[in-house]
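Numbered from 1 within each chain, the chains take letters A, B, ... in sequence-line order.
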Amino acid sequence: MTLAAIDIGATGRSAVGDTRAPDPSPFVRRKGAASTLELAVFGAKCAGCIARIEKGVAAIDGVSSARLNLSTGKLAIAWSGGAVDPRAIVGKITELGYRAAPFDPTSVAAQRDHEGRDLLRALAVAGFAAANVMLLSISVWAGRGGESGAEMGAATRDFLHFVSAAIAIPAAAYAGRPFFRSALASLKAGRANMDVPISLAVVLALSFSLYETLKGGEHAYFDAAVMLLFFLLIGRFLDHRLRAAARSAARDLLALQAPLASRLAANGVVKSIAARDIRPGDVLLLSPGDRAPVNGDVIEGASSVDLSIISGESAPAKLKPGDRIDAGALNLSQRLVMRTTAGVDDSLIADLARLIEAGEQTKSRYVRLADKAASLYVPVVHSLALMTFGVWHFALDAGLRVSLMNAIAVLIITCPCALGLAAPVVQVVASGRLFRSGVLVKSGDALERLAQATRVVFDKTGTLTHARLEISNRDEIPAAALIGAASLARASRHPMSQAIADAAGEGTLAAEIAETDGAGIEGVVDGRRARLGRADWCGVDIVAAIDDGRSATWFRREGDAPVRFVFDDRIRADAAKTVAALKTRNLPVTILSGDLEAPAARIAEAVGGVDWRARLTPRRKVEALEAMAAGGARVAMIGDGLNDAPSLAAAHVSMSPGTAAGASQAAADFIYLGDGLAPIVETFDVARKTRRLMLENFAFAALYNLFAAPLAAFGFVTPLIAALAMSGSSVIVTLNALRLAKSAPRA
Amino acid sequence: MTIIIFLIPIALFLGGLGLAAFLWSLRSGQYEDLDGAAERVLLDDDLPPGA
């Protein structure tokens, strides 16, 4: 980790403008003569992008249609026959300045959200029925005079009741299906969930009202039954949409991670195959920029590879024929040929996926606040309704009709309109507010879990620091040396070269670039030979070279003195402020890093002196989190690397920056965008407030029932009062939730 | 009050029309790409060049 870190692996000139497009051929779906392909397109944001991409792709010979879905970022392309080379499409999109990735639609099991559409349809039907039945019910209530002077005759009232029945019963039968299904399933399993009292209330209210209508009775609950369904469906739909958004984001990421590999056949033909088709013994070609999809041995070529995914270490390793190459290793400099020793199921990526899955299972054991409320509510309401019926029927001898009516009134009025809306509305408002601040909430209960967090664990590289290296001694470097070094560095993918190229901005490329793997790049800069790389290779005296343990490289042009470039992880500007803000919220911070001790200690010091551990493998990180959890802490993990993905999944709650690896974004509960860490603190604040508002709403729902249930049990509740109570409580709960949207962005 | 024999069916019909329109728009995929629809309105490639 001293001078050894100075191997600038270089690529030849050919790789400089490397736009080698991935070949999506394995994902083309054929149906007769028609072929379709879905590509994920990144970077399209506006009307201009749509026009450019659709026109550009449609202009390719043979393509019959191209349509970009801006919401999901998928481009659907159709053509007939085999005339179109899928690579040409990807090439075209790349040429237009966007990134396109093949997308494996088979791994997106249910592409269309059937459940959400069913709910939306049910919601529309219930809304239609509620509005029309209410129109009729209000006429009935308005026409009810006192004892004598009723303005509406009994015949008209009965007629309106019949019309209401004709609307409400079919509508409830359709719109109530989500509740009936779930109630039946839960009863079959020997439990009673929230949907049991809901279904019971709807079915009993409708059948009782129908009976009353046939008998010419005065009270009918048709409006209450459909309104109940309408309000509950709103809550159900909001809840579902929140979860579906989370699920589809995760699924899309998994589909994107169906990577491709180039297989070299015995006859020398290179064929693009899906990674899942790789078998042990295959010979694969790894170009610079490719990741090894499975474990194997290098059989040809020598190159630098980035192992940061596997070990978290930022310094690249050198590989030569005979060396072992692990899945996930990123080839940086030269073409490698590898022979696989394992299939995809044994690869590191699959291993990480299993770790993520295990973590997610523990997470799904979390019981949501709303479910806790329901488990308290269900037995209370059922016994109350049963008691009401029993007391009226047996103790007061009131007759079956009155006893049943009062029992139904209890079921309807305590029915959880407010309870059903209490949690989802707050969560939707909170997610909307966080979205405006650049935070995506990926799962419905994430905010609840975040509010409970008692500890924060940060990953270092890419989270507290920028993912890229930065020249830290720029003041000491002459401008001419920087420009000269950059003209060599632009030819390389090495992290240090990229830092030099970034610092210099746009510029030219040196002539006659040649690279020596593990040493550096050589070329002609302004007519003089120059080298960028290891100290001894650049002719710098080892003794003169300062060995202070920092990552460094040297640049030397013939006739000039050598110049030393020192690199550091660049810490994010607001990292220290964020850590301090978290500490004031009683959230101790720890850094778990896969990197070496020195950089981890430096960053821990820079953010204000926090606990840190270094050299942790993905599995060790998970173990560290489990140890904290065993100590009673609820850990919020914030990380970005693929090596963090398992710990993100295993933590009580997790966040990932928008720049994170796909798997990490899939595993995290929140994704924050932008360069700063400020959204983290805001998310904590909003989560705590969300929890408080949800508890307030549940408390209100309980208070409401405390008054409403006795009224119903004593027989004071008419359909009019039931309707007012139901809509009133729902409105109050919703208004309370909206307070979250209005409050100031950050205290 | 015989007027309600006409008015109620008319009200139901109009409400039903709205419901049918919503279900149709749902089925024809108009909610698939809300962001895209908002941007596509700006595309004027249906105009002749120079218009």
**Asked** With a cut-off of 6.0 Å (strictly less than), are more than 12 heavy atoms of other residues, nucleotides or ligands near CZ of B:R27?
**Response** no
Run the side chain to side chain donor-acceptor pair (under 3.5 Å) test against [X] and tell me which residues pass, sequence neighbours left out.
{"X": "A:R157", "result": "none"}
{"X": "B:E39", "result": "none"}
{"X": "B:R40", "result": "A:E54"}

**Message:** Which one wins on heavy-atom pair count under 4.5 Å against chain B: A:V125, A:N69, A:V163?
**Reply:** A:N69
**Request:** Measure distances from B:L19 to the heavy atoms of chain A and classify the residue's part below 4.5 Å as side chain, backbone, both or neither.
**Result:** side chain
**Asked** By a 4.5 Å heavy-atom criterion (distance strictly below it), what part of B:I8 contacts chain A: side chain, backbone, both, or neither?
**Response** side chain
**Request:** First locate atom CD1 of A:I167, then atom CG of B:L12, and finally report the distance between them rounded to the nearest 0.5 Å.
**Result:** 4.5 Å
**Message:** If you compare all heavy atoms of B:L23 against all heavy atoms of A:R121, which two are closest, and at what distance to 0.1 Å?
**Reply:** CD2-CG, 3.2 Å
**Request:** Give me the contact list for residues 126-138 of chain A versus chain B, heavy atoms only, anything under 4.5 Å, ordered by residue number.
**Result:** A:F128, A:N132, A:L135, A:L136
